[in-house]
Protein chains: 2
Amino acid sequence: MTSVEEPARPGERIRDAARTRAEILDVATAEFARAGYDGARVDEIAARTRTTKRMIYYYFGGKEQLFTAVLERAYGVIREAEQQLDVDHLDPVAAIRRLAELTFDHHERHPDFIRLVSIENIHDAEHIAASEELGRMGSPALDVIRRILAAGQESGLFTADVDAVDLHAMISSFCFFRVSNRHTFGALFGRDLVAPGRREHYRAMLGDMVIAYLTAERAAD
Amino acid sequence: MTSVEEPARPGERIRDAARTRAEILDVATAEFARAGYDGARVDEIAARTRTTKRMIYYYFGGKEQLFTAVLERAYGVIREAEQQLDVDHLDPVAAIRRLAELTFDHHERHPDFIRLVSIENIHDAEHIAASEELGRMGSPALDVIRRILAAGQESGLFTADVDAVDLHAMISSFCFFRVSNRHTFGALFGRDLVAPGRREHYRAMLGDMVIAYLTAERAAD
DNA sequence: TCAGTAATGTACGAACCAGTACGTTAGCTA
DNA sequence: TAGCTAACGTACTGGTTCGTACATTACTGA
């Protein structure tokens, strides 16, 4: 019989604040996205980590702050993706389509992000309100849209009288809903909006919709 | 001092199963919408009712079944509204716009419904799956869209190659997102999507978007 | 009118869960 | 190498919360 007291491997447990913090954030993201804020269990997060619950309180202070940190990181990811976007060499129509597809792809690839945002809305965005970081964090996408829109309207190509924020809402709504409401929509209408086989179909549909709206012939007024 | 034992008004408490059941459903709807499934408190629902927690278990069996009953009623409301819709006398463009506006108006008037659906999606629509009623309950809106779409495509007015379910998803996404993501969108972009002053603006934007998509000139392929 | 049942109320328990008091150790630095 | 502190672990608690055992009363039909 080996001694129970004997540690499995001495020295394996190396202290690394950054790694521990990051690991907690990873696990917490999955747990909050899985079960919602109130459904998520701090003990469960701790159990799936190589550390203990004590560390969650040590690094983050509490469940609320942990959720806020999770949100901050999740929003940081999409902000980074938007910053990578370079559409200055494209004509307005292609540029808008490219931007819409970026949102489409990001939302599809990050269903946990969508769930976290849904959860935050159920809580009236109070964690965003409590976060300094999320307050200052602007939206690169909005700047891009503003530039494209100005060019398109200038040239007369875009006839719609719409501003960047509303256009962003239009694009986001389609991309977001497709992921966020996947389950109820699927259960009620028998169609999986996120089925891989329909991906290109919806991606094209989004672009067509936005371009059609922006370039539609309008009655003079 | 009046006796504590003395009931305030004898005979005031009249037994009425239907009323008690309905009252529980009303209060539960508000509580679940407010706090989410796990955040909602059965004791809180009971406290806001003229009856006791015991009755919730008597009539519904448990928290899960109560939430399912709440969902069933909420979906019933929009189904009824859709059934009222009569667009057979309108041309396809006007008919689609009318239908879109019905969804827009319903979602705006029933933010609790939107929250409940968001919550149900966080729980992977497992309550809908458990409900016989919600399974059979079709969608009158879908039938209406099918008819309008057939007429529009027949006449060559609608050029888009889209089916009823996808068009319904497009309309719903805009209407749903505007209410469901009101808080995060407002906090991040500084614009209240549900502000009364912008109501007509978004209502028109939705119609323009859908009509533009359906009637856009398309490259022959 | 009386017995049976549907409807209701009270009080409680067992499990759960966020948070913490207290103790320990690794690694850096003087 | 001694000692200091950041990093970490254990064990517990106090309050909460879903659910129920048990008692009671209003209504109804025979």
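Here is how names work: the chains are called A, B, and so on, in the same order as the sequence lines, proteins then strands, and each is numbered from 1. Worth saying up front: this structure is predicted, and the values here are computed from it rather than measured.
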[X] [atom1] to [N] [atom2]: how many Å, rounded?
| X | N | atom1 | atom2 | value |
| --- | --- | --- | --- | --- |
| A:Leu66 | C:dG19 | CG | P | 10 Å |
| A:Asp38 | D:dT17 | CG | C1' | 13 Å |
| A:Lys63 | C:dT20 | NZ | P | 14 Å |
| A:Ile56 | D:dT10 | CD1 | P | 14 Å |
| A:Arg50 | D:dA7 | CZ | P | 17 Å |
| A:Asp16 | C:dT25 | CG | P | 20 Å |
| A:Phe60 | C:dT20 | CZ | P | 16 Å |
| B:Tyr59 | D:dG19 | OH | P | 19 Å |

At 4.0 Å (heavy atoms only), tell me whether [X] reaches a base, stays on the sugar-phosphate, or touches nothing.
| X | answer |
| --- | --- |
| A:Tyr58 | base |
| B:Arg54 | base |
| B:Ala40 | sugar-phosphate |

Check whether any side-chain nitrogen or oxygen of [X] sits under 4.0 Å from OP1 or OP2 of [N], and answer yes or no.
| X | N | result |
| --- | --- | --- |
| B:Tyr57 | C:dT8 | no |
| B:Thr51 | C:dA7 | no |
| A:Thr20 | D:dC8 | yes |

DNA chain D: A:Asp43 or A:Thr52, which has the more 5' nearest nucleotide?
A:Thr52
Sub-3.5 Å donor-acceptor pair from the side chain of B:Asn121 to the main-chain atoms of A:His183, do we have one?
yes
Please answer whether the main-chain N or O of B:Leu134 pairs with a side-chain N or O of B:Glu72 as donor and acceptor at a distance below 3.5 Å.
no
Identified salt bridge (charged side-chain N to carboxylate O under 4.0 Å, His left out) counterpart of A:Asp166 within the set B:Arg191, B:Arg178, B:Arg198:
B:Arg191
Passes salt bridge (charged side-chain N to carboxylate O under 4.0 Å, His left out), A:Asp26 versus A:Arg19? Steps please.
CA-CA 10 Å; A:Asp26 284 341; A:Arg19 192 185 56 79; over 6 Å; no
Pair of N/O donor and acceptor under 3.5 Å linking D:dG9 base with A:Lys53 side chain
no
B:His127 versus B:Glu64, side-chain donor and acceptor atoms under 3.5 Å
yes
